Participant: 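Let me begin by handing over the structure; questions about it come next.
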Amino acid sequence: MKTNTFRTKCNRLLERCMRLFTLSGIAFVVTACYGCPYAEYDVEGYVYDENGNMLENMQVVVRTFDQEWDYPDTVYTNVDGHYHAVHSLTSTGGDCMEVIVHDTTGVYASDSTHISSGKMKVKDQDSWSTYYSMRQDFKLKKK
């Protein structure tokens, strides 16, 4: 009698484990096959001084926030003071990125701004992906 009760409990435990792993496997297959919604952020702009002169070789760091992970990227302004950064994320809510400009010469103070997806213009969209763009200029002041 005790052996049958023990076997029954073991069988129930084994059945529950198999159900759990089967459901986990199905969830994994669905995510692996179809992925997550995708968003691409295209941020560009100009960096200039208080007199309107374009600043070359300024460091522009774009930090993105995707499910509490930080993915920084660094670009530099060209001879015309222009920068351009493109990021891909699987989250589009709230404050999605911060753009920080650092002076590489030590003459100007740094500047930054937070950008939310609500402030960005939708360039293109389909049933699974959204492509945002935004222009953000910076006017740096001397230290």
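This one's a predicted model, so the numbers in the text were calculated from it and none came from an experiment.
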Participant: What about Leu140 and Met54, same hydrophobic cluster or not, with Ile/Leu/Val/Met/Phe/Trp/Tyr joined at side-chain heavy-atom distances under 4.5 Å?
Facilitator: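 No; tracing contacts between hydrophobic side chains, which count when under 4.5 Å, never links both residues.
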
Participant: Between Tyr76 and Gln59, what is the shortest heavy-atom contact and its length?
Facilitator: OH-NE2, 3.4 Å

Participant: Are Val101 and Val86 linked, directly or through intermediate hydrophobic residues, by side-chain heavy-atom contacts shorter than 4.5 Å (ILVMFWY only)?
Facilitator: no

Participant: Any carboxylate oxygen within less than 4.0 angstrom of a Lys/Arg side-chain nitrogen, looking at Glu50 and Lys141?
Facilitator: no

Participant: Test your reading of the model: is there a side-chain donor-acceptor pair from Thr77 to the backbone of Asn57, 3.5 Å cut-off?
Facilitator: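 Looks like yes, one N/O pair under 3.5 Å.
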
Participant: Taking all non-hydrogen atoms of both residues, which atom of Ala109 and which atom of Lys143 are closest, and how far apart?
Facilitator: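 That would be N-CG, 3.7 Å.
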
Participant: Got Val61 and Glu98 here, is their nearest side-chain heavy-atom distance under 4.5 Å?
Facilitator: no

Participant: How close do Arg135 and Gly45 get, heavy atom to heavy atom, and via which atoms?
Facilitator: CG-CA, 4.1 Å

Participant: Does Asn53 offer a backbone N or O that forms a donor-acceptor pair with the side chain of Asn51 under 3.5 Å?
Facilitator: no

Participant: Considering only heavy atoms from C-beta outward, does the side chain of Tyr48 approach that of Met58 to under 4.5 Å?
Facilitator: no

Participant: Can you tell me how far CD1 of Ile100 sits from OG1 of Thr74, rounded to the nearest 0.5 angstrom?
Facilitator: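 Between atom OG1 of Thr74 and atom CD1 of Ile100 there are 9.0 Å.
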
Participant: About how many Å separate OH of Tyr108 and CZ of Phe138, when rounded to the nearest 0.5 Å?
Facilitator: 16.0 Å

Participant: On a heavy-atom basis, which atom in Gln136 and which in Tyr83 lie closest, and how many Å separate them?
Facilitator: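 Taking every non-hydrogen atom into account, O-OH, 2.6 Å.
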
Participant: Salt bridge or not between Asp137 and Lys139? Use side-chain N to carboxylate O under 4.0 Å.
Facilitator: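 Salt bridge between Asp137 and Lys139, a charged N being under 4.0 Å from a carboxylate O: no.
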
Participant: Group every Ile, Leu, Val, Met, Phe, Trp and Tyr by side-chain heavy-atom contacts under 4.5 Å, then state whether Tyr46 and Val60 land in the same group.
Facilitator: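 Result: no, two separate clusters.
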
